[in-house]
Amino acid sequence: MNNRRQIIITGFMGSGKTTVARGLARILGREMLDLDQVIAEREGRTAREIIEQDGEDAFREIETRNLSEVLVNTSPGVIALGGGAWTLESNRNLINHHGGITIWLDAPFELCWDRILLSGGGRPLARDEEQARMLYTERRPQYALAKLHVQVSADKSTHDISAEIAQALRVLDKRSSDGH
Ligand code: S3P
């Protein structure tokens, strides 16, 4: 496994980024970081609080700053992004510039929405189903720019998904060491 690059997990709210990143980090024996968690610790406020108090644009600035710091200052591990981070071109450029490999957890909208509801409405950008569905549709082409796409479904466990990603990363590494 190429140990020098950050592995970045993206996908819509409720696609399972944090739990899959944790599972993948365990399989690979690496550190796991959750960008929203980093933001909450450094800023003293959660993503939700920042968006509600200062607006989404202010949150995006903070998110980009923290993403940049994490990419520069942490040893290569597995990083779970918040659902909007990869949708900004400047953030994608930052990640690509640092040689990060991004994985899209492609989960059906209904599954994401069920999980958003279950989590008790902590997502200010997914206040109702219509708003969330629009955002989901709008963002799919941007998520699709990720290097690896992994299908998420209700019948796949976190472990199945993490193991599938670990295997796909091994195949990628083998291809690049074979000179493809
Ligand atoms: C956001 C997703 C959230 C959080 C913030 C904005 C988004 O993270 O970063 O509320 O724009 O999709 P999760 O994807 O972990 O819910």
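Residue numbers count from 1 along this sequence. First listed ligand is number 1; within each ligand, the first listed atom is number 1. Just so it is clear, the values below take in all heavy atoms, side chains as well, and ignore hydrogens, waters and symmetry mates.
Nearest protein heavy-atom neighbour of atom 4 (C) of ligand 1: D36 OD2, 3.1 Å. The protein non-hydrogen atom at the shortest distance from atom 2 (C) of ligand 1 is G83 N, 3.3 Å. In terms of protein heavy atoms, atom 12 (O) of ligand 1 is closest to R139 NH1, 2.7 Å.
W86 places a side-chain N or O within donor-acceptor distance of the main-chain N or O of Q142, the cut-off being under 3.5 Å.
In this model, no donor atom of one side chain and acceptor atom of the other lie less than 3.5 Å apart for R133 and T137. A donor-acceptor contact closer than 3.5 angstrom links the side chains of D160 and S157.
Where the criterion is an N or O separation shorter than 3.5 Å, residue side chain and backbone included, G84 meets it with respect to ligand 1. Every N/O-N/O distance between L81 and ligand 1 stays at or above 3.5 Å.
Within the listing of ligand 1, atoms 5 (C), 6 (C), 10 (O) sit less than 4.0 angstrom from a heavy atom of I51.
With a 6.0 Å radius and a threshold of 12 heavy atoms from other residues, nucleotides or ligands, D57 has its CG atom at or below the threshold.
Between A85 and N91, the shortest heavy-atom contact is O-ND2, 2.9 Å. Between L24 and A166, the shortest heavy-atom contact is CD1-N, 3.8 Å. Between F109 and Y136 the shortest heavy-atom distance is N-OH, 3.4 Å.
With a heavy-atom cut-off of 4.0 Å, E49 does not touch ligand 1 at all. Under 4.0 Å from ligand 1, not a single heavy atom of L135 appears. Residue-level proximity to ligand 1 for R48 is absent, since no heavy atom of it falls below 4.0 angstrom.
Following chains of ILVMFWY side-chain contacts shorter than 4.5 Å, one cannot reach L71 starting from M32, and the two form parts of different hydrophobic clusters.
Using a 4.0 Å cutoff on heavy atoms, R123 counts as a contact of ligand 1. At least one heavy atom of R60 lies less than 4.0 angstrom from ligand 1. No heavy atom of E56 sits closer than 4.0 Å to any atom of ligand 1.
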